[in-house]
Amino acid sequence: MLLGTVLVLLLAGAAPASAHAALRGTDPDDGSVVKRAPRHVTLTFTESVGLLDDSFRVFGPDQRRVHTEEATHADGRSDTARVGLPGKLAQGTYTVAWRVVSADSHPVSGAFAFSVGKPSATTGQIDTGPAEDPLTGGLHDAARYLAYLAAALLVGLTAFALLCRPADTSPLRRPVVAAWWTLLGSTAVLLLLRGPYETGTGPAAAFDAAALGRTLTGRPGEALLARLVILLVTAAFLIRLSRRRGSEERPAALAIGTALAAALALTWAAAEHASAGIQVPLAMTSSVLHLLATGVWLGGLVALLLTLRRSAGDDLLEVVPRFSRIAFASVTVLAVTGLYQSWRGLGSLSALTGTSYGRLLLAKLAGVAVLLLVAGYSRRWTRRIAAPAAVTRAAVHERVPQPVGAPVPPQEPEGPQEPEEPQEPRELDTPCAADEEPSASDGSRDTRRLLRRSVLVEVAVAAVVLMITTVLTGTLPARAQAEAAQQAPAGALPPTTLTTVPFDTGAGTVTGRGTVQVTLDPARVGENGIQAVVYGSDTGLVVVPEVRITFTLPSRKVGPIDAELTDLGGYWGTNSVNLPLAGNWTMKTTVRVSDVDQVTVERKVRIAP
């Protein structure tokens, strides 16, 4: 079936531009030193964000938490977050940890620092709070995947029964019931886990009354509640549908089923990716159509697999071609909506290999390539099954009806022809006649068996690709990442960072004092190159026995990572320093000018995502 092509267009699944909020800037700037204590701390994001009861945690120079006012949006702008500070702040360095919820329902968090008057002489490790509880995150992701899968099965199995009209729908009833209960259970779990998922706490917080109350008043919680109501209405529809007989009510059932499926898909579109970023109305429409087409395809494949195992051959002559036509329509819808959503999420072709989002898309494309290969075989077996039906229809059309009273043409021999009857057993004994009927039957069974196998492989690979899609919807889209990088905070260092490190070993020589100019390129997560040039007190280049640089990320307890610089003749450098995480790293530069004289100086460097 061409339905394998469907996942080419799941490229962004449901991931549009700016699907996650990225930090654009802070006030005060990250790493800045202000003369007077600010009255507020303000963050600006690439999209609208929701605020939590504990969206800001500010820690003073003594590492104690500073009392702050309730978090609000600055000047009524939904893409900002602001918290008021006390009237008097002591001199020193302050650390601000923040956590907000993107418009697409995913929480984002981070931390930055600024100083009042001058930086603190020493800083210690500050616990800025949880980024995410691993167990809560794992349970939440598992429930999301089950919800996607169950919705696809529920929509697809029901659509198959109504549109393909198999004579026996009993093989589909238990899977439909299982899909309904799975979607109901996963939705309830998502509703309970919403609070701890947003705050980054453990699953035990799921039953906190205050957190649950906040969930029910937020847009993601309202969407989940709506989904539960729609599922109850869907249950009544399915029960009534199972009791109907005949085809006279099928148009009404199709209309009601389509409306319920669209409403179900809207509970995802209204609270997740399509609800944020550019062209929201068009994106939500595209997302609903994309989810419906995915359900018709994936659930239809499962229904076809069950039908191939249980139904008689004659029934398949009509059912399989019908599903093939529906599959083609689904491919068309997925092609249009998938390409549009990919454009919104990716932004540029270079992001395919340069971002985590793009690399996940490439992983999906690899799965799609396998689906396309299997789909080619499925289509071949489908044509073979459909061929007898076409021959039968052609034979029916060739029959010429006779008017009433017309003479009947002789069909069987009479009278003198009777002696020829004993010849019939000899005719059946010929090899051609004996082999013809069993051969056709065996060929039909073989074709159905091969089609079952190829469809089973399609279902298995599709489930894996759907899992990658679930991960993709939790990944910062490349376009949003690019927007944040283009509008980085004013205090951020450029992508290629040049840092001047003054040093004084106490030795009374030209090389005892001076500066080291350290170039970090590209100053982003991953492999970086470093060049360190040493200047003496007379500002001329000097040769020293050793320059050593290490990197530490205190907020994540990563490091020290030794750059392992080598003397490259006039400067020290390397091209293979792997800095795995974004954030404000501590760069320690050690300059040794003799066997006994050396000094270590610390500087902050910013590593971009």
Side-chain angles (χ1 to χ4, degrees), residues 14-26 41-57 68 70-74 76-83 96-112 128-134 136-141 143-144 147 187 189-203 205-206 208 210-227 267-277 280 283-284 470-477 480-481 483-484:
S18 299
H20 291 55
L23 183 63
R24 272 183 179 167
T26 65
V41 171
T42 305
L43 308 181
T44 304
F45 297 90
T46 56
E47 66 173 43
S48 60
V49 295
L51 303 178
L52 304 171
D53 294 339
D54 205 24
S55 276
F56 285 93
R57 296 180 301 280
T68 58
E70 183 180 355
T72 60
H73 292 293
R77 294 172 49 193
S78 61
D79 62 345
T80 63
R82 169 177 288 180
V83 66
V96 181
W98 54 268
R99 187 179 184 88
V100 295
V101 181
S102 301
D104 68 344
S105 79
H106 295 288
V108 289
S109 60
F112 70 97
T128 58
E132 180 180 83
D133 183 84
T136 299
L139 291 174
H140 187 271
D141 290 342
R144 288 179 63 237
T187 301
V189 171
L190 288 172
L191 191 62
L192 290 174
L193 288 178
R194 186 70 212 172
Y197 175 68
E198 290 181 349
T199 57
T201 54
D208 179 72
L212 186 58
R214 185 177 64 249
T215 296
L216 296 178
T217 57
R219 184 167 60 175
E222 292 173 349
L224 292 172
L225 281 176
R227 190 180 303 168
T267 63
W268 272 278
E272 293 195 353
H273 304 120
S275 63
V280 171
M284 290 182 63
T470 305
V471 177
L472 190 64
T473 60
T475 303
L476 178 67
Q481 181 175 326
E483 289 175 1

*Asks:* Kindly compute the distance separating OG (S55) from CD (E70), expressed to the nearest 0.5 Å.
*Replies:* 9.5 Å
*Asks:* Decide yes or no for L191 and R227: does some side-chain heavy atom of the first lie under 4.5 Å from some side-chain heavy atom of the second?
*Replies:* no
*Asks:* What closest approach, in Å, do A147 and L190 show between heavy atoms, and which atom pair accounts for it?
*Replies:* CB-CD1, 4.3 Å
*Asks:* Provide the closest heavy-atom pair for G195 versus A211 in the form atom of the first, atom of the second, distance.
*Replies:* CA-CB, 4.3 Å
*Asks:* For a 4.5 angstrom cut-off between non-hydrogen side-chain atoms, does D133 reach P196?
*Replies:* no
*Asks:* Write down the atom of T136, the atom of G202, and the distance for their closest heavy-atom approach.
*Replies:* OG1-C, 3.2 Å
*Asks:* Just verifying a value: how many Å separate D79 CG and T46 OG1, rounded to the nearest 0.5 Å?
*Replies:* 8.5 Å
*Asks:* Tell me, do T26 and W98 make a side-chain contact under 4.5 Å, heavy atoms counted?
*Replies:* no
*Asks:* Compare every heavy atom of R99 with every heavy atom of T199, then report the nearest pair and how far apart it is.
*Replies:* C-NE, 3.5 Å
*Asks:* Could you check R82 against T72 for side-chain hydrogen bond (donor to acceptor under 3.5 Å, both in side chains), going step by step and ending with a plain yes or no?
*Replies:* CA-CA 5 Å; R82 169 177 288 180; T72 60; over 6 Å; no
*Asks:* Quick one, R144 and D141 - any side-chain contact, counting heavy atoms below 4.5 Å?
*Replies:* yes
*Asks:* Could you check L212, V189, T215 and say which one makes a side-chain contact (heavy atoms from CB on, under 4.5 Å) with R194?
*Replies:* T215
*Asks:* Nearest 0.5 angstrom please: L52 CG to E198 CD, how far?
*Replies:* 5.5 Å
*Asks:* Minimum heavy-atom separation for T80 and V49, please, with both atom names.
*Replies:* O-CG2, 4.0 Å
*Asks:* Taking L51 as the fixed residue, which of V101, V100, V83 is the one that meets the side-chain contact (heavy atoms from CB on, under 4.5 Å) rule?
*Replies:* V100
*Asks:* What orientation do H140 and Y197 show, parallel under 30°, tilted 30 to 60°, or perpendicular over 60°?
*Replies:* parallel
*Asks:* Determine the minimum heavy-atom distance between A71 and F56, stating which atoms define it.
*Replies:* CB-CD1, 3.8 Å
